[in-house]
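Every number for a ligand or one of its atoms is a count from 1 in the order of the listing. Start at 1 with the first residue, then count along the sequence. Side chains included, hydrogens not; waters and symmetry mates left out as well; all remaining heavy atoms used.
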Amino acid sequence: MLWIRSKSLLKEHVQGFRRQGKSIGLVPTMGYLHEGHEKLMQVARRENDVVVLSIFVNPTQFGPLEDFAAYPRDLARDRRVAEKSGVDLVFQPDKEEMYPTPLEVTVEAGRMETVLCGRSRPGHFRGVLTVVSKLFHLVEPDRAYFGQKDGQQLALIQKMVEDLDFPVEIVPVETVREEDGLAKSSRNVYLTEEERRVAPELYRALSWGKAHWQDALYTSDPARLVHEVEKRLQAVPLFRIDYVELVTYPDLKAVTELREDQTFMLAAAIYLGKARLIDNVLFGGVSERNR
Ligand code: PAF
């Protein structure tokens, strides 16, 4: 497995792969790899000749009061996980390599980045879209793999690729969960034993919403469904709700009526101790489309 830290060396290898006619799958991450990432790498391994994993804790997607400095890092472990998952090349640049000069030009999304997480994390998705664009230009992947857990991120990246004609297929991969339902996340490491015990209530509340969305009570009044989910989250004393929102998917628009032929995303973010946890469920339409 190659471990590369410079953009120029990465480009040389990418050109080599291209000359040999090999397809490239990219798995962009911020490291501290967990089973969710392993799943992305597994699917990428199955579908491509070459798998490139990027590890970069991207400073531009963290707000000034967020956990950039504290974000968990363990490169030795990441190396073992990547090796085991059959990754061919790891690209692990430092901040100076990725951003040699202050950024003047960035990728922004407008409406779609102002809802859900974008409301409490202004600028976050600008940072994500900008770094993902850079990775697409550097790696020139045929396919790129993103987890459904970050549903808004995935929708925004898909829309960016569509609107800006990036020649890459975005592959959504289903959320990997602990046995009790908690979505795997690098940030779960922040949870104390007590917080970890109640954390699955987030998914439980969203799953309740997914099980009841077709009830007559809610189809004509979706706000009521959101309110019911909110009530369930409020009942967990350690949770502080950031948001619960129901939107159409993947265009992230407000919902006035729940219809069978449309896909919806019910999403929530909560603060739990030092962690901010997000999760979502999809239902209706063609929601079972993930790998
Ligand atoms: O999902 C993540 O880990 C990050 O937002 C990403 C896509 C690697 C961009 O930094």
Side-chain angles (χ1 to χ4, degrees), residues 7 10 25-41 43-44 51-63 66-75 77-78 81-82 85 87 89-95 97-99 103 106-109 112-113 116-118 120-139 141 143-161 164 166 168-176 183-190 250 267 269 275-280 290-291:
K7 293 195 279 199
L10 172 69
L26 170 66
V27 180
T29 77
M30 300 207 295
Y32 209 71
L33 303 176
H34 52 68
E35 287 89 334
H37 298 118
E38 284 180 53
K39 172 95 196 208
L40 300 179
M41 292 184 269
V43 182
V51 177
V52 174
L53 171 79
S54 66
I55 299 179
F56 179 59
V57 185
N58 174 36
T60 66
Q61 67 187 75
F62 289 80
E66 292 183 352
D67 57 345
F68 172 68
Y71 194 83
R73 295 159 168 91
D74 187 344
L75 289 177
R77 202 174 121 255
D78 288 350
V81 176
S85 306
V87 167
L89 188 159
V90 178
F91 176 51
Q92 190 248 319
D94 62 16
K95 185 170 151 262
E97 184 67 12
M98 253 344 227
Y99 301 115
L103 270 183
T106 55
V107 184
E108 283 182 51
M112 281 177 76
E113 68 169 47
L116 303 157
C117 286
S120 42
R121 304 188 71 188
H124 167 68
F125 288 111
R126 187 189 325 131
V128 170
L129 295 180
T130 304
V131 80
V132 169
S133 308
K134 284 167 75 75
L135 290 168
F136 285 172
H137 289 310
L138 292 166
V139 180
R143 297 176 197 85
Y145 296 80
F146 295 90
Q148 184 63 53
K149 185 192 145 249
D150 298 300
Q152 184 176 16
Q153 168 173 286
L154 177 57
L156 277 160
I157 292 170
Q158 276 170 325
K159 191 73 176 107
M160 173 182 84
V161 161
L164 303 184
F166 278 85
V168 56
E169 181 194 350
I170 301 303
V171 183
V173 177
E174 70 185 293
T175 304
V176 179
K184 302 262 183 188
S185 161
S186 306
R187 288 186 167 102
N188 292 351
V189 73
Y190 296 147
R276 180 178 177 279
L277 303 182
I278 60 170
D279 204 346
N280 67 77
N290 296 329
R291 303 278 218 273

Residue and atom name of the nearest protein heavy atom (relative to atom 3 (O) of ligand 1), distance in Å to one decimal: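 Going atom by atom, the protein heavy atom closest to atom 3 (O) of ligand 1 ends up being M30 CG, 3.6 Å.
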Protein contact to atom 10 (O) of ligand 1 [nearest heavy atom, distance to 0.1 Å]: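 For atom 10 (O) of ligand 1, the nearest protein heavy atom comes out as Q61 OE1, 2.6 Å.
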Under 3.5 Å side-chain donor-acceptor pair for Y71 and N58: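 No, no side-chain donor-acceptor contact under 3.5 Å.
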Under 4.0 Å to a heavy atom of [X] - the qualifying atoms of ligand 1, by number:
| X | value |
| --- | --- |
| V131 | 9 (C), 10 (O) |
| Q153 | 1 (O), 2 (C), 4 (C), 5 (O), 7 (C) |
| T29 | 8 (C) |

NZ-CD distance between K184 and E35, expressed to the nearest 0.5 angstrom: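 Reported to 0.5 Å precision, the distance equals 3.5 Å.
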From E108 atom CD to T130 atom OG1, the distance as rounded to the nearest 0.5 Å: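 Rounded to the nearest 0.5 Å, the CD-OG1 separation comes to 7.5 Å.
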Derivation and outcome, ring pair (Phe, Tyr, Trp, His ring centres under 6.0 Å), residues Y32 and H37: CA-CA 9 Å; Y32 209 71; H37 298 118; 9.1 Å; no
Chi angles and distances behind the salt bridge (Lys or Arg N to Asp or Glu O under 4.0 Å) call for R276, E66: CA-CA 10 Å; R276 180 178 177 279; E66 292 183 352; over 6 Å; no
